[in-house]
Amino acid sequence: SQKIEQNSEALNIQEGKTATLTCNYTNYSPAYLQWYRQDPGRGPVFLLLIRENEKEKRKERLKVTFDTTLKQSLFHITASQPADSATYLCAPPLLNAGNNRKLIWGLGTSLAVNP
Amino acid sequence: KAGVTQTPRYLIKTRGQQVTLSCSPISGHRSVSWYQQTPGQGLQFLFEYFSETQRNKGNFPGRFSGRQFSNSRSEMNVSTLELGDSALYLCASSRRQGGRTDTQYFGPGTRLTVL
């Protein structure tokens, strides 16, 4: 069955460093992949979408890559700040038998940026 | 533009009771999805409605049901509550269902506690 895997262990980094989060998917090939940020007790917030024909996408300090051969997406936060501390979720879509898309979600990686 | 709203924000029920949660999507969004989130399971997809029709369904028992009204507002109902139903229930709206991208805009969630 289709599966999404993200770094299960929390990531702790020093302020100013680059955080790199990994999302691996198996048994299917999504046409695109989304990354969301979630703060405790709140709903996820959309950050970036990358399509299968895009190798890399940037938005301010954020960068996402999409390697369809490795079946992997990497999410980078450069010059990290304590305010970047949150859980980051990877969500590629899955087509069902009726050709309707639904997002399937990784468990997320918790990032803590220490001042 | 107002965001996704969910009511109530917090709810305490006892086993065997039923509960109805409400979600108002962003104006112009016709798709509403519901998710259950627990610490160990992450975001679990319940169902998605578009134009008052259920388009996608997750792997939840029949005790979980939903509906969508003509103004795109949605409700979900859980009957015969069990302790394991304690979770954060999130509603998300998107502009199009099955479209080229399905960026989800989440509400703040309803925290349900079953005693």
Side-chain angles (χ1 to χ4, degrees), chain A residues 1-10 21 23-25 30-54 57 59 62 64 66 73 86-110, chain B residues 3-7 9-10 21 23-26 29-51 53-60 87-113:
Chain A
S1 64
Q2 295 84 4
K3 199 174 171 183
I4 306 298
E5 288 183 343
Q6 295 188 248
N7 315 55
S8 56
E9 293 185 11
L21 286 65
C23 175
N24 295 300
Y25 55 92
Y32 59 87
L33 191 148
Q34 302 184 44
W35 282 88
Y36 288 74
R37 167 187 172 139
Q38 186 173 24
D39 292 285
R42 309 185 76 166
V45 175
F46 171 73
L47 294 174
L48 278 170
L49 179 150
I50 186 166
R51 302 180 192 278
E52 60 181 341
N53 61 349
E54 297 174 314
K57 197 98 172 257
K59 179 183 175 183
L62 309 180
V64 173
F66 194 3
S73 175
T87 295
Y88 291 85
L89 300 163
C90 160
L94 179 67
L95 277 177
N96 69 7
N99 212 37
N100 293 315
R101 282 192 185 84
K102 69 176 183 182
L103 294 179
I104 56 174
W105 298 80
L107 289 178
T109 299
S110 176
Chain B
V4 177
T5 58
Q6 291 186 247
T7 56
R9 292 293 313 280
Y10 302 91
L21 311 182
C23 172
S24 292
I26 291 172
H29 285 193
R30 297 170 64 188
S31 169
V32 173
S33 298
W34 287 90
Y35 295 88
Q36 180 194 68
Q37 189 173 37
T38 55
Q41 297 296 318
L43 270 173
Q44 300 291 307
F45 175 76
L46 281 155
F47 27 66
E48 177 187 9
Y49 286 88
F50 179 77
S51 293
T53 302
Q54 187 180 89
R55 296 300 179 98
N56 269 306
K57 190 176 189 304
N59 298 321
F60 278 81
L88 180 67
Y89 289 88
L90 290 160
C91 160
S93 74
S94 65
R95 189 171 299 278
R96 294 181 296 176
Q97 186 275 342
R100 298 186 62 174
T101 63
D102 300 305
T103 299
Q104 309 261 285
Y105 296 86
F106 284 83
T110 294
R111 172 72 63 185
L112 172 64
T113 302

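Chain identifiers are assigned alphabetically (A, B, ...) following the order of the sequence lines, protein sequences preceding nucleic acid strands; residue numbering begins at 1 within each chain. Since the model is a prediction, treat every value here as computed from it, not as a measurement.
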J.: Could you look at Q6(B) and say if it's the side chain, the backbone, both or neither that has a heavy atom under 4.5 Å from chain A?
T.: neither
J.: I'd like to verify something: which residue of G43(A), G41(A), P44(A), G108(A) has the highest number of heavy-atom pairs under 4.5 Å with chain B?
T.: P44(A)
J.: Examine the side chains of W105(A) and Y36(A) and answer whether a donor and an acceptor come within less than 3.5 Å of each other.
T.: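 Short answer, no.
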J.: Side chains of Q38(A) and L90(B): does their closest heavy-atom pair fall under 4.5 Å?
T.: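 The answer is yes; the side chains approach within 4.5 Å.
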J.: Is L89(A) close to chain B through its backbone or its side chain, or both, or neither, when contacts mean heavy atoms under 4.5 Å?
T.: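 The side chain, not the backbone.
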J.: Could you look at L43(B) and say if it's the side chain, the backbone, both or neither that has a heavy atom under 4.5 Å from chain A?
T.: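 Backbone plus side chain of L43(B), per the 4.5 Å heavy-atom cut-off to chain A.
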J.: May I ask you to test the L62(A)-W35(A) pair for a side-chain heavy-atom distance under 4.5 Å?
T.: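 Not in contact.
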J.: Given that the side chain runs from C-beta out, which part of Y105(B) has a heavy atom under 4.5 Å from chain A: side chain, backbone, both or neither?
T.: neither
J.: Can you name the closest pair of heavy atoms from I50(A) and K57(A) and give their distance?
T.: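 Where I50(A) meets K57(A) most closely, the heavy atoms are CD1-N, 4.0 Å.
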J.: Which of parallel (below 30°), tilted (30 to 60°) and perpendicular (above 60°) describes Y25(A) and F66(A)?
T.: perpendicular
